[in-house]
There are 2 protein chains.
Amino acid sequence: MKTIEQLLDSKNIRVTAMRLLIYKFLAEKQVAVTLSDIENAFDKADRTTLYRTVKTFEESTIVHQIDDGTGITKYALCEKGCNCDIETDLHLHFHCNNCNETVCLTEHKIPQIKVPNGFISEDINLVVKGVCDKCSGL
Amino acid sequence: MKTIEQLLDSKNIRVTAMRLLIYKFLAEKQVAVTLSDIENAFDKADRTTLYRTVKTFEESTIVHQIDDGTGITKYALCEKGCNCDIETDLHLHFHCNNCNETVCLTEHKIPQIKVPNGFISEDINLVVKGVCDKCSGL
DNA sequence: TTATAAATGCACTTCCGTTGCATTGTATTT
DNA sequence: AAATACAATGCAACGGAAGTGCATTTATAA
(Lines give C-alpha, C1' and ligand atoms only; values in the text may rest on other atoms or scores of the structure.)
Protein backbone atom coordinates (compact mmCIF):
# COMPACT_ATOMS: atom_id res chain seq x y z
CA MET A 1 0.00 0.00 0.00
CA LYS A 2 1.50 3.25 -1.20
CA THR A 3 1.20 6.37 0.83
CA ILE A 4 0.03 9.50 -0.93
CA GLU A 5 3.47 10.97 -0.47
CA GLN A 6 5.04 8.03 -2.22
CA LEU A 7 2.51 8.23 -5.03
CA LEU A 8 3.17 11.90 -5.68
CA ASP A 9 6.88 11.29 -5.41
CA SER A 10 6.75 8.53 -7.99
CA LYS A 11 5.05 10.94 -10.36
CA ASN A 12 7.61 13.64 -9.68
CA ILE A 13 5.08 15.91 -8.08
CA ARG A 14 6.26 17.96 -5.16
CA VAL A 15 4.50 17.03 -1.95
CA THR A 16 2.71 19.95 -0.35
CA ALA A 17 0.08 20.21 2.35
CA MET A 18 -2.47 21.52 -0.13
CA ARG A 19 -1.95 18.67 -2.55
CA LEU A 20 -2.26 16.06 0.15
CA LEU A 21 -5.53 17.61 1.30
CA ILE A 22 -6.94 17.75 -2.19
CA TYR A 23 -5.91 14.19 -2.88
CA LYS A 24 -7.58 13.01 0.32
CA PHE A 25 -10.72 14.91 -0.56
CA LEU A 26 -10.88 13.24 -3.96
CA ALA A 27 -10.15 9.86 -2.43
CA GLU A 28 -13.03 10.19 0.01
CA LYS A 29 -15.51 11.09 -2.66
CA GLN A 30 -17.23 8.28 -4.45
CA VAL A 31 -18.44 10.55 -7.22
CA ALA A 32 -16.83 12.87 -9.70
CA VAL A 33 -16.47 16.40 -8.36
CA THR A 34 -16.43 19.81 -9.95
CA LEU A 35 -13.89 22.50 -9.24
CA SER A 36 -16.58 24.31 -7.28
CA ASP A 37 -17.08 21.25 -5.12
CA ILE A 38 -13.43 21.31 -4.17
CA GLU A 39 -13.62 25.05 -3.72
CA ASN A 40 -16.44 24.72 -1.24
CA ALA A 41 -14.55 22.09 0.69
CA PHE A 42 -11.53 24.33 1.08
CA ASP A 43 -12.68 27.82 1.86
CA LYS A 44 -9.23 29.09 2.62
CA ALA A 45 -7.60 27.94 -0.57
CA ASP A 46 -7.66 29.90 -3.76
CA ARG A 47 -9.56 28.73 -6.81
CA THR A 48 -6.47 28.93 -8.94
CA THR A 49 -4.45 26.71 -6.67
CA LEU A 50 -7.15 24.07 -6.70
CA TYR A 51 -7.47 24.40 -10.44
CA ARG A 52 -3.77 24.02 -11.05
CA THR A 53 -3.45 21.20 -8.56
CA VAL A 54 -6.15 19.22 -10.32
CA LYS A 55 -4.51 19.96 -13.67
CA THR A 56 -1.20 18.74 -12.31
CA PHE A 57 -2.86 15.57 -11.09
CA GLU A 58 -4.50 15.17 -14.45
CA GLU A 59 -1.26 15.45 -16.38
CA SER A 60 0.24 12.76 -14.22
CA THR A 61 -2.84 10.55 -14.62
CA ILE A 62 -3.71 10.72 -10.96
CA VAL A 63 -7.15 12.04 -11.78
CA HIS A 64 -9.14 11.94 -14.98
CA GLN A 65 -11.46 14.51 -16.39
CA ILE A 66 -15.10 13.71 -17.00
CA ASP A 67 -17.44 15.47 -19.35
CA ASP A 68 -20.88 14.26 -18.35
CA GLY A 69 -22.85 16.68 -20.45
CA THR A 70 -23.80 19.05 -17.65
CA GLY A 71 -21.42 21.57 -19.14
CA ILE A 72 -19.23 21.54 -16.07
CA THR A 73 -16.00 19.62 -16.03
CA LYS A 74 -15.73 17.02 -13.32
CA TYR A 75 -12.77 15.14 -11.95
CA ALA A 76 -12.31 11.77 -10.33
CA LEU A 77 -9.39 9.82 -8.97
CA CYS A 78 -7.96 7.16 -11.18
CA GLU A 79 -8.23 4.41 -8.65
CA LYS A 80 -8.02 0.65 -8.78
CA GLY A 81 -8.43 -0.60 -12.31
CA CYS A 82 -8.36 2.77 -13.99
CA ASN A 83 -5.26 3.24 -16.06
CA CYS A 84 -6.01 6.48 -17.79
CA ASP A 85 -2.69 6.53 -19.55
CA ILE A 86 -3.61 3.41 -21.44
CA GLU A 87 -5.81 4.39 -24.35
CA THR A 88 -7.67 1.12 -24.45
CA ASP A 89 -8.82 1.37 -20.86
CA LEU A 90 -12.08 3.18 -21.33
CA HIS A 91 -14.86 2.97 -18.83
CA LEU A 92 -18.22 4.63 -18.93
CA HIS A 93 -19.64 7.29 -16.71
CA PHE A 94 -23.13 7.43 -15.35
CA HIS A 95 -24.84 10.73 -14.70
CA CYS A 96 -27.91 10.79 -12.49
CA ASN A 97 -30.54 13.24 -13.64
CA ASN A 98 -32.03 13.25 -10.17
CA CYS A 99 -29.16 13.87 -7.76
CA ASN A 100 -26.93 15.28 -10.47
CA GLU A 101 -24.03 13.07 -9.41
CA THR A 102 -21.70 11.38 -11.80
CA VAL A 103 -20.01 8.10 -11.01
CA CYS A 104 -17.33 6.10 -12.78
CA LEU A 105 -18.42 2.62 -13.69
CA THR A 106 -14.89 1.35 -13.96
CA GLU A 107 -15.92 -2.27 -14.19
CA HIS A 108 -18.04 -1.57 -17.24
CA LYS A 109 -15.84 -1.41 -20.27
CA ILE A 110 -17.02 0.34 -23.39
CA PRO A 111 -17.91 -2.07 -26.20
CA GLN A 112 -16.16 -1.87 -29.52
CA ILE A 113 -17.59 0.98 -31.57
CA LYS A 114 -17.42 0.75 -35.33
CA VAL A 115 -16.89 3.93 -37.30
CA PRO A 116 -17.25 4.41 -41.07
CA ASN A 117 -14.35 3.98 -43.46
CA GLY A 118 -11.89 6.83 -43.32
CA PHE A 119 -12.60 7.63 -39.71
CA ILE A 120 -9.94 6.85 -37.12
CA SER A 121 -11.11 6.30 -33.58
CA GLU A 122 -8.71 7.48 -30.91
CA ASP A 123 -10.84 8.11 -27.88
CA ILE A 124 -14.36 7.41 -26.78
CA ASN A 125 -16.51 9.34 -24.36
CA LEU A 126 -19.59 7.50 -23.20
CA VAL A 127 -21.99 8.93 -20.68
CA VAL A 128 -25.16 7.14 -19.72
CA LYS A 129 -27.80 9.35 -18.16
CA GLY A 130 -30.70 8.27 -16.04
CA VAL A 131 -31.35 7.45 -12.41
CA CYS A 132 -28.62 6.06 -10.18
CA ASP A 133 -28.96 3.22 -7.70
CA LYS A 134 -29.28 5.55 -4.73
CA CYS A 135 -32.14 7.49 -6.31
CA SER A 136 -33.99 4.63 -7.98
CA GLY A 137 -34.46 2.74 -4.73
CA LEU A 138 -34.06 -0.55 -6.58
CA MET B 1 -41.24 16.94 -49.70
CA LYS B 2 -42.17 19.39 -47.01
CA THR B 3 -41.25 23.00 -47.27
CA ILE B 4 -39.59 24.62 -44.29
CA GLU B 5 -42.70 26.70 -43.77
CA GLN B 6 -44.82 23.58 -43.58
CA LEU B 7 -42.40 21.96 -41.18
CA LEU B 8 -42.42 24.90 -38.80
CA ASP B 9 -46.16 25.13 -39.11
CA SER B 10 -46.61 21.50 -38.20
CA LYS B 11 -44.58 22.10 -35.06
CA ASN B 12 -46.59 25.19 -34.18
CA ILE B 13 -43.64 27.48 -34.63
CA ARG B 14 -44.34 30.86 -36.09
CA VAL B 15 -42.68 31.34 -39.46
CA THR B 16 -40.33 34.30 -39.57
CA ALA B 17 -37.60 35.39 -41.95
CA MET B 18 -34.95 34.88 -39.31
CA ARG B 19 -36.06 31.36 -38.56
CA LEU B 20 -36.14 30.39 -42.19
CA LEU B 21 -32.61 31.70 -42.63
CA ILE B 22 -31.31 29.87 -39.60
CA TYR B 23 -32.99 26.67 -40.68
CA LYS B 24 -31.46 26.94 -44.13
CA PHE B 25 -28.05 27.60 -42.64
CA LEU B 26 -28.30 24.49 -40.50
CA ALA B 27 -29.58 22.47 -43.42
CA GLU B 28 -26.64 23.45 -45.59
CA LYS B 29 -24.10 22.49 -42.96
CA GLN B 30 -22.99 18.90 -42.90
CA VAL B 31 -21.48 19.29 -39.44
CA ALA B 32 -22.73 20.36 -36.06
CA VAL B 33 -22.42 24.08 -35.48
CA THR B 34 -21.89 26.23 -32.43
CA LEU B 35 -23.88 29.31 -31.60
CA SER B 36 -20.86 31.37 -32.61
CA ASP B 37 -20.83 29.71 -36.01
CA ILE B 38 -24.38 30.86 -36.56
CA GLU B 39 -23.51 34.26 -35.16
CA ASN B 40 -20.71 34.68 -37.67
CA ALA B 41 -22.99 33.69 -40.49
CA PHE B 42 -25.54 36.33 -39.57
CA ASP B 43 -23.77 39.50 -38.65
CA LYS B 44 -26.90 41.55 -38.50
CA ALA B 45 -28.79 39.31 -36.17
CA ASP B 46 -28.47 39.43 -32.43
CA ARG B 47 -26.94 36.58 -30.48
CA THR B 48 -29.98 36.31 -28.29
CA THR B 49 -32.30 35.83 -31.20
CA LEU B 50 -30.13 33.08 -32.61
CA TYR B 51 -29.85 31.52 -29.20
CA ARG B 52 -33.56 31.52 -28.62
CA THR B 53 -34.33 30.36 -32.13
CA VAL B 54 -32.10 27.34 -31.73
CA LYS B 55 -33.66 26.64 -28.35
CA THR B 56 -37.09 26.80 -29.92
CA PHE B 57 -36.00 24.41 -32.64
CA GLU B 58 -34.56 22.14 -30.00
CA GLU B 59 -37.75 21.99 -27.98
CA SER B 60 -39.66 21.01 -31.09
CA THR B 61 -37.05 18.39 -31.99
CA ILE B 62 -36.06 20.17 -35.16
CA VAL B 63 -32.45 20.29 -34.04
CA HIS B 64 -30.63 18.32 -31.41
CA GLN B 65 -27.92 19.42 -29.10
CA ILE B 66 -24.51 17.80 -29.17
CA ASP B 67 -21.98 17.77 -26.43
CA ASP B 68 -18.80 16.63 -28.09
CA GLY B 69 -16.49 17.33 -25.20
CA THR B 70 -15.05 20.56 -26.55
CA GLY B 71 -16.97 22.42 -23.91
CA ILE B 72 -19.01 24.28 -26.47
CA THR B 73 -22.54 23.20 -27.22
CA LYS B 74 -23.17 22.33 -30.82
CA TYR B 75 -26.37 21.90 -32.76
CA ALA B 76 -27.39 19.87 -35.76
CA LEU B 77 -30.56 19.38 -37.71
CA CYS B 78 -32.52 16.27 -37.02
CA GLU B 79 -32.66 15.14 -40.59
CA LYS B 80 -33.58 11.93 -42.30
CA GLY B 81 -33.49 9.03 -39.88
CA CYS B 82 -33.01 11.11 -36.79
CA ASN B 83 -36.05 11.07 -34.59
CA CYS B 84 -34.79 12.84 -31.55
CA ASP B 85 -38.10 12.61 -29.82
CA ILE B 86 -37.86 8.87 -29.77
CA GLU B 87 -35.65 7.87 -26.88
CA THR B 88 -34.42 4.70 -28.49
CA ASP B 89 -33.11 6.46 -31.54
CA LEU B 90 -29.60 7.23 -30.43
CA HIS B 91 -26.82 7.77 -32.86
CA LEU B 92 -23.21 8.55 -32.15
CA HIS B 93 -21.24 11.67 -32.85
CA PHE B 94 -17.74 11.84 -34.17
CA HIS B 95 -15.44 14.67 -33.23
CA CYS B 96 -12.32 15.25 -35.30
CA ASN B 97 -9.33 16.31 -33.24
CA ASN B 98 -7.74 17.74 -36.36
CA CYS B 99 -10.34 19.97 -38.01
CA ASN B 100 -12.38 20.25 -34.82
CA GLU B 101 -15.58 19.39 -36.65
CA THR B 102 -18.29 17.20 -35.25
CA VAL B 103 -20.51 15.07 -37.45
CA CYS B 104 -23.58 12.98 -36.73
CA LEU B 105 -23.17 9.37 -37.71
CA THR B 106 -26.88 8.78 -37.90
CA GLU B 107 -26.53 5.40 -39.52
CA HIS B 108 -24.44 4.13 -36.64
CA LYS B 109 -26.68 3.18 -33.80
CA ILE B 110 -25.33 2.93 -30.30
CA PRO B 111 -25.04 -0.64 -29.06
CA GLN B 112 -26.89 -1.77 -25.98
CA ILE B 113 -25.07 -0.57 -22.87
CA LYS B 114 -25.48 -2.56 -19.71
CA VAL B 115 -25.55 -0.70 -16.42
CA PRO B 116 -25.30 -2.19 -12.91
CA ASN B 117 -28.36 -3.18 -10.93
CA GLY B 118 -30.29 -0.24 -9.55
CA PHE B 119 -29.23 2.07 -12.34
CA ILE B 120 -31.86 3.14 -14.87
CA SER B 121 -30.60 4.18 -18.28
CA GLU B 122 -32.63 6.92 -19.93
CA ASP B 123 -30.24 8.54 -22.35
CA ILE B 124 -26.84 7.84 -23.81
CA ASN B 125 -24.25 10.29 -25.04
CA LEU B 126 -21.52 8.69 -27.11
CA VAL B 127 -18.79 10.73 -28.72
CA VAL B 128 -15.97 9.09 -30.61
CA LYS B 129 -12.92 11.27 -31.04
CA GLY B 130 -10.17 10.86 -33.57
CA VAL B 131 -9.55 11.81 -37.17
CA CYS B 132 -12.39 12.21 -39.62
CA ASP B 133 -12.48 10.92 -43.19
CA LYS B 134 -11.63 14.30 -44.68
CA CYS B 135 -8.53 14.68 -42.53
CA SER B 136 -7.31 11.10 -42.55
CA GLY B 137 -7.09 10.95 -46.33
CA LEU B 138 -8.11 7.32 -46.27
C1' DT C 1 -57.80 48.39 -37.94
C1' DT C 2 -57.04 47.49 -33.58
C1' DA C 3 -55.81 44.40 -29.96
C1' DT C 4 -53.01 40.56 -28.52
C1' DA C 5 -49.19 37.89 -28.19
C1' DA C 6 -44.99 36.38 -29.82
C1' DA C 7 -40.34 37.51 -31.83
C1' DT C 8 -36.44 40.39 -31.87
C1' DG C 9 -32.73 43.45 -30.18
C1' DC C 10 -30.06 45.59 -26.53
C1' DA C 11 -27.90 45.55 -22.18
C1' DC C 12 -26.47 43.17 -18.67
C1' DT C 13 -25.31 39.25 -15.48
C1' DT C 14 -23.36 34.94 -14.09
C1' DC C 15 -20.48 31.08 -14.26
C1' DC C 16 -16.56 28.50 -15.55
C1' DG C 17 -12.08 28.13 -17.26
C1' DT C 18 -7.79 30.28 -17.75
C1' DT C 19 -3.64 33.35 -17.46
C1' DG C 20 -0.17 37.00 -15.63
C1' DC C 21 2.27 38.43 -12.03
C1' DA C 22 3.81 39.15 -7.43
C1' DT C 23 4.68 36.57 -3.24
C1' DT C 24 5.50 32.71 -0.46
C1' DG C 25 7.38 28.31 0.23
C1' DT C 26 10.43 24.34 -0.81
C1' DA C 27 14.58 22.24 -2.27
C1' DT C 28 19.40 22.44 -3.59
C1' DT C 29 24.12 24.14 -3.67
C1' DT C 30 27.97 26.16 -1.60
C1' DA D 1 23.35 27.64 7.73
C1' DA D 2 22.92 31.05 4.10
C1' DA D 3 22.17 31.96 -0.42
C1' DT D 4 20.29 30.69 -4.64
C1' DA D 5 16.98 28.74 -7.87
C1' DC D 6 12.72 27.15 -8.89
C1' DA D 7 8.17 25.58 -7.95
C1' DA D 8 3.69 26.46 -5.53
C1' DT D 9 0.38 29.64 -3.99
C1' DG D 10 -2.63 33.73 -3.88
C1' DC D 11 -4.65 37.75 -5.96
C1' DA D 12 -6.53 40.06 -9.75
C1' DA D 13 -8.25 40.09 -13.95
C1' DC D 14 -9.77 38.44 -18.62
C1' DG D 15 -12.58 35.95 -22.05
C1' DG D 16 -16.05 33.02 -23.77
C1' DA D 17 -20.39 31.04 -23.51
C1' DA D 18 -24.97 30.61 -21.53
C1' DG D 19 -28.71 32.82 -19.92
C1' DT D 20 -32.25 36.74 -18.32
C1' DG D 21 -35.09 41.20 -18.17
C1' DC D 22 -37.12 44.54 -20.56
C1' DA D 23 -38.35 47.59 -24.23
C1' DT D 24 -39.54 47.51 -29.04
C1' DT D 25 -40.91 45.65 -33.26
C1' DT D 26 -43.43 42.34 -35.94
C1' DA D 27 -46.87 39.04 -36.91
C1' DT D 28 -51.50 36.86 -36.11
C1' DA D 29 -56.32 37.17 -34.80
C1' DA D 30 -60.50 39.53 -33.62
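Throughout, a chain's letter reflects where its sequence line sits, starting with A, and its residues are numbered from 1. We use all heavy atoms of the structure for the numbers below, so side chains are in, but hydrogens, waters and symmetry mates are not.
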Margin query: By the salt bridge (charged side-chain N to carboxylate O under 4.0 Å, His left out) test, which pairs, at least two apart or in different chains, include something from residues 125-138 of chain B?
Written below: B/Glu101-B/Lys134
Margin query: At less than 4.0 Å, is any side-chain N or O atom of A/Thr49 found next to OP1 or OP2 of D/dA8? Yes or no.
Written below: no
Margin query: Other members of the hydrophobic cluster containing B/Ile66, with the 4.5 Å side-chain heavy-atom rule, please.
Written below: none
Margin query: Holding to side-chain contact (heavy atoms from CB on, under 4.5 Å), I want the full list of residues that pass it with A/Lys55, two or more places apart in sequence or in another chain.
Written below: A/Tyr51, A/Glu58, A/Gln65, A/Tyr75
Margin query: Treating A/Glu59 as the side-chain partner and A/Thr56 as the backbone partner, does any N or O pair qualify as donor plus acceptor under 3.5 Å?
Written below: no
Next item on the list: Check the distance between C/dT26's P and A/Asn12's CG and give it to me in whole angstrom.
Entry: 19 Å
Next item on the list: Could you list who else is in B/Ile120's hydrophobic cluster, with ILVMFWY side chains joined at under 4.5 Å, directly or through other members?
Entry: A/Val131, A/Leu138
Note to self: Rounding to an integer number of Å, can you tell me how far A/Leu8 CG sits from C/dT26 C1'?
What the structure shows: 15 Å
Check: If you group Ile, Leu, Val, Met, Phe, Trp and Tyr by side-chain heavy-atom gaps below 4.5 Å, do B/Leu77 and B/Val15 land in one group?
Finding: yes
Check: Starting at CZ of B/Phe57 and ending at P of C/dT8, how long is that distance when rounded to a whole Å?
Finding: 9 Å
Notebook entry, point to check: Is the backbone of A/Leu7 close enough, under 3.5 Å, to the side chain of A/Ser10 for a donor and an acceptor to pair up by distance?
Noted result: yes
Margin query: Between C1' on D/dG10 and CG on A/Asp43, what's the gap in Å once rounded to a whole number?
Written below: 15 Å
Next item on the list: Please report, rounded to the nearest Å, how far the C1' atom of D/dT9 is from the CD1 atom of A/Ile38.
Entry: 16 Å
Notebook entry, point to check: Under 3.5 Å, is there a donor-acceptor pair between the side chain of B/Ser136 and the main chain of A/Gly118?
Noted result: yes
Next item on the list: Tell me what B/Thr53 touches on the nucleic acid: a base, only sugar-phosphate, or nothing, going by heavy atoms under 4.0 Å.
Entry: sugar-phosphate
Next item on the list: Any chance you could list the contact pattern along nucleotides 11-18 of chain C? Use B for base contacts, S for sugar-phosphate-only contacts and - for none, protein heavy atoms under 4.0 Å, 5' to 3'.
Entry: B----SBB
Margin query: From CD1 of A/Ile13 over to C1' of C/dA27, roughly how many Å is that when rounded to an integer?
Written below: 17 Å
Next item on the list: Round to the nearest Å and state the distance from A/Glu39 atom CD to D/dC11 atom P.
Entry: 12 Å
Notebook entry, point to check: Using a cut-off of 4.0 Å between protein heavy atoms and nucleotide atoms, how would you tag nucleotides 22-29 of chain D 5' to 3' with B, S and -?
Noted result: B----SS-
Margin query: Using side-chain heavy atoms (C-beta onward) and a distance below 4.5 Å, is A/Tyr23 in contact with A/Thr53?
Written below: no
Checklist line | Length of the line joining B/Arg19:CZ and C/dA7:P, which is rounded to integer Å | finding: 4 Å
